Engineer: 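Just dropping this structure here.
What you see is a predicted model; the values in this text were computed from it and never measured.
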Amino acid sequence: MHRLCLVLVIALFMSACGKKGPVIYPDLLVPEAPKEVSLWQSGVGMKLSFLLPQKDRAGRPLADLAGVKVFKRETMPGQAQECSSCMDAFRLFKRLYVDIQGDNDRRYGNMMMVLDSDVTVDRTYAYTVVPFTREGVDGQGSAPVMATMVDPPLPPVLKVIPSPTEIRLEFGGRRPARGAFVGYNLYRTIKGEALPFLPLNREPLSGTSYTDSGLDRRLTYSYAIRTVVRMPAGEKVESSLSNLVDGALKDEE
């Protein structure tokens, strides 16, 4: 009886060992493409943003992402546009690492933003983002995004009005000569530090004032603002920065 049980256990074990899971092809073991890739003009530069991949192409959690390569294509006025998926005309613009931040790139959680200042009015720029692993293996590239550089709208004017509990910002300016006015993007930093690439507001401000609260009484803050315009082709354009203003909470009277 014991011998029969032993034979059955061995048979079951061998059967389990011989059972294989689904085959995962090597090209699925690389990072998936970055998501939510977007591009817009910010002053005299182009601003690119995207979400870093969290999984490989097989849908498994990604643990060895090292960074991304940003590729760029420039099209001159009157030059025929390349097909959107053709990579022959793209060149490597920048290599970014997830744990290193440079002067022209920022990371906000899983989002990365890149500012390209090497651009010229009337030229069209396209970008695609390719992730890579610590072993140097490239993942899936994003679909290209593109925009045409234009003369930016005139910057607005910003005024700060502090109080003991909050800082009120008032702003305004001329309506843009081209495109449809959308609103304003407000940027804030601690005095002495660089302004972020990400505005304080989630959506463009439609009014002409903003109240900033929940601030640290020990700090002085710096603010600047940009006008946001939607061009006829649907592209979003920010003006150059307004004047920079400083503000701190006032002492109680």
Engineer: Tell me every residue that passes side chain to side chain donor-acceptor pair (under 3.5 Å) with Arg218, counting only those two or more places apart in sequence or in another chain.
Structural biologist: Asp216
Engineer: Starting at CZ of Arg226, measure out to CG of Leu158 and round the result to the nearest 0.5 Å.
Structural biologist: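 If we round to the nearest 0.5 Å, Arg226:CZ and Leu158:CG are 12.5 Å apart.
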Engineer: Looking at Gln41 and Asp151, what are the two nearest heavy atoms and their distance?
Structural biologist: NE2-C, 4.4 Å
Engineer: Is there a side-chain contact between Val182 and Lys236 (heavy atoms, below 4.5 Å)?
Structural biologist: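 SC-SC contact between Val182 and Lys236 ruled out.
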Engineer: Indicate if Val98 and Phe50 have the same hydrophobic cluster label, given that clusters are the connected sets of ILVMFWY residues with side-chain heavy-atom separations under 4.5 angstrom.
Structural biologist: yes
Engineer: Quick one: does any side-chain atom of Arg134 pair with a main-chain N or O of Ala63 as donor and acceptor, under 3.5 Å?
Structural biologist: yes
Engineer: Determine which pairs satisfy ring pair (Phe, Tyr, Trp, His ring centres under 6.0 Å) with at least one residue from residues 164-205, sequence neighbours left out, and list them in order.
Structural biologist: Phe171-Tyr184, Phe181-Tyr184
Engineer: Are more than 12 heavy atoms from other residues, nucleotides or ligands located less than 6.0 Å from atom CD of Glu135?
Structural biologist: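 Counting neighbours around CD of Glu135, more than 12 heavy atoms of other residues, nucleotides or ligands fall under 6.0 Å, so yes.
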Engineer: Which heavy atom of Pro204 sits nearest to which heavy atom of Gly183, and what is that distance?
Structural biologist: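 Closest approach of Pro204 to Gly183, heavy atoms only: CB-CA, 4.1 Å.
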Engineer: One thing to verify: whether Glu32 and Arg57 come together as a salt bridge, which I'm taking to mean a side-chain N less than 4.0 angstrom from a carboxylate O.
Structural biologist: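 A salt bridge is absent here (no side-chain N lies under 4.0 Å from a carboxylate O).
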Engineer: Do Glu166 and Ser213 pair up side chain to side chain, a donor and an acceptor below 3.5 Å, judged on atom types alone?
Structural biologist: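 On atom types as modelled, these side chains do not qualify, holding no pair under 3.5 Å.
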Engineer: Looking only at heavy atoms, what is the nearest atom pair of Pro53 and Leu65, with distance?
Structural biologist: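 Distance-wise, the nearest heavy atoms are O-CD2, 3.8 Å.
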Engineer: Please name all residues satisfying side chain to side chain contact (heavy atoms under 4.5 Å, CB included) with Thr208, sequence neighbours left out, ordered by chain then number.
Structural biologist: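 Once residues adjacent in sequence are excluded, Thr208 has no partner under the side chain to side chain contact (heavy atoms under 4.5 Å, CB included) criterion.
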Engineer: Give the minimum heavy-atom separation between Pro152 and Val44, together with the two atoms involved.
Structural biologist: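 In terms of heavy atoms, the two residues are closest at CG-CG1, 4.3 Å.
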Engineer: Without swapping roles, check the side chain of Thr128 against the backbone of Ser142 for a donor-acceptor pair under 3.5 Å.
Structural biologist: yes
Engineer: Once rounded to the nearest 0.5 Å, what's the spacing between atom CD of Glu238 and atom CG of Asn185?
Structural biologist: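 Answer for the CD-CG pair, Glu238 versus Asn185, is 4.5 Å.
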Engineer: Go through the steps for Ser38 and Ser49 under the test side-chain hydrogen bond (donor to acceptor under 3.5 Å, both in side chains), then give the verdict.
Structural biologist: CA-CA 5 Å; Ser38 61; Ser49 73; 2.8 Å; yes
Engineer: Determine whether Val160 and Tyr221 make a side-chain contact, defined as any pair of heavy atoms from C-beta on separated by less than 4.5 Å.
Structural biologist: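 Val160 vs Tyr221: side chains apart.
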Engineer: Per the side-chain hydrogen bond (donor to acceptor under 3.5 Å, both in side chains) rule, what does the pair list look like for residues 89-108, sequence neighbours excluded?
Structural biologist: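 Pairs touching residues 89-108 that pass the test: none.
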Engineer: Under 3.5 Å, which donor-acceptor pairs do the side chains of residues 110-120 form with other protein atoms, sequence neighbours left out?
Structural biologist:
| residue | atom | partner | partner atom | Å |
| --- | --- | --- | --- | --- |
| Asn110 | OD1 | Gln54 | NE2 | 2.6 |
| Asn110 | ND2 | Leu52 | O | 3.1 |
| Asp116 | OD1 | Asp118 | N | 3.0 |
| Asp116 | OD2 | Lys72 | NZ | 2.8 |
| Asp116 | OD2 | Tyr127 | OH | 2.7 |

Engineer: When you measure from the side chain of Arg217 to the backbone N and O of Pro164, does any donor-acceptor pair fall under 3.5 Å?
Structural biologist: yes
Engineer: Supply the atom-to-atom distance Thr165 OG1 to Leu249 CG, rounded to the nearest 0.5 angstrom.
Structural biologist: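 So the OG1 of Thr165 and the CG of Leu249 are separated by 7.5 Å.
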Engineer: Any donor-acceptor pair under 3.5 Å linking the side chain of Ser242 with the backbone of Ile225?
Structural biologist: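 Pair found, side chain donor or acceptor close to backbone of Ile225.
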Engineer: If you compare all heavy atoms of Pro162 against all heavy atoms of Ala248, which two are closest, and at what distance to 0.1 Å?
Structural biologist: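 Result for this residue pair: CB-O, 3.2 Å.
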Engineer: Can you get from Leu241 to Val229 by hopping between Ile, Leu, Val, Met, Phe, Trp and Tyr side chains that sit under 4.5 Å apart?
Structural biologist: no
Engineer: Return the NZ to CZ distance between Lys55 and Arg60, rounded to the nearest 0.5 Å.
Structural biologist: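 Result: 12.0 Å between the selected atoms.
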Engineer: Determine the sole option in Val68, Leu51, Val145 for which the side chain to side chain contact (heavy atoms under 4.5 Å, CB included) test with Val129 is passed.
Structural biologist: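 That would be Val68; it is the only one of Val68, Leu51, Val145 passing the side chain to side chain contact (heavy atoms under 4.5 Å, CB included) with Val129.
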Engineer: Once rounded to the nearest 0.5 Å, what's the spacing between atom NZ of Lys159 and atom CD of Glu170?
Structural biologist: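 Separation between the atoms: 6.0 Å.
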Engineer: Looking only at atom types and distance, does a side-chain atom of Thr189 sit under 3.5 Å from a main-chain N or O of Ala194, one as donor and one as acceptor?
Structural biologist: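 Yes.
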Engineer: Taking salt bridge (Lys or Arg N to Asp or Glu O under 4.0 Å) as the definition, give me every residue that meets it alongside Arg188, ordered by chain and number, with sequence neighbours left out.
Structural biologist: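 With neighbours one apart ignored, the set is Asp212.
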Engineer: Between Leu186 and Ala224, what is the shortest heavy-atom contact and its length?
Structural biologist: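 The pair with the smallest heavy-atom distance is CD1-O, 3.5 Å.
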Engineer: Same hydrophobic cluster for Phe90 and Tyr125, using side-chain heavy-atom links shorter than 4.5 Å among ILVMFWY?
Structural biologist: no
Engineer: Please determine whether residues Leu219 and Leu200 belong to a single hydrophobic cluster, defined as Ile, Leu, Val, Met, Phe, Trp and Tyr linked transitively by side-chain heavy-atom distances below 4.5 Å.
Structural biologist: yes
Engineer: Taking it one step at a time, do Ser222 and Asp246 satisfy side-chain hydrogen bond (donor to acceptor under 3.5 Å, both in side chains)?
Structural biologist: CA-CA 4 Å; Ser222 296; Asp246 296 333; 2.7 Å; yes
Engineer: Does Ile190 share a hydrophobic cluster with Leu215, counting links as ILVMFWY side-chain heavy atoms below 4.5 Å and allowing steps through other members?
Structural biologist: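 Linked within one cluster.
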Engineer: Tell me if a side-chain donor or acceptor on Ser42 pairs with a main-chain N or O of Met46 at a distance below 3.5 Å.
Structural biologist: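 Pair absent, no side-chain N/O of Ser42 close to backbone of Met46.
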Engineer: When rounded to the nearest 0.5 angstrom, what is the spacing between CE in Met149 and OG1 in Thr124?
Structural biologist: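 Output value for this atom pair is 11.5 Å.
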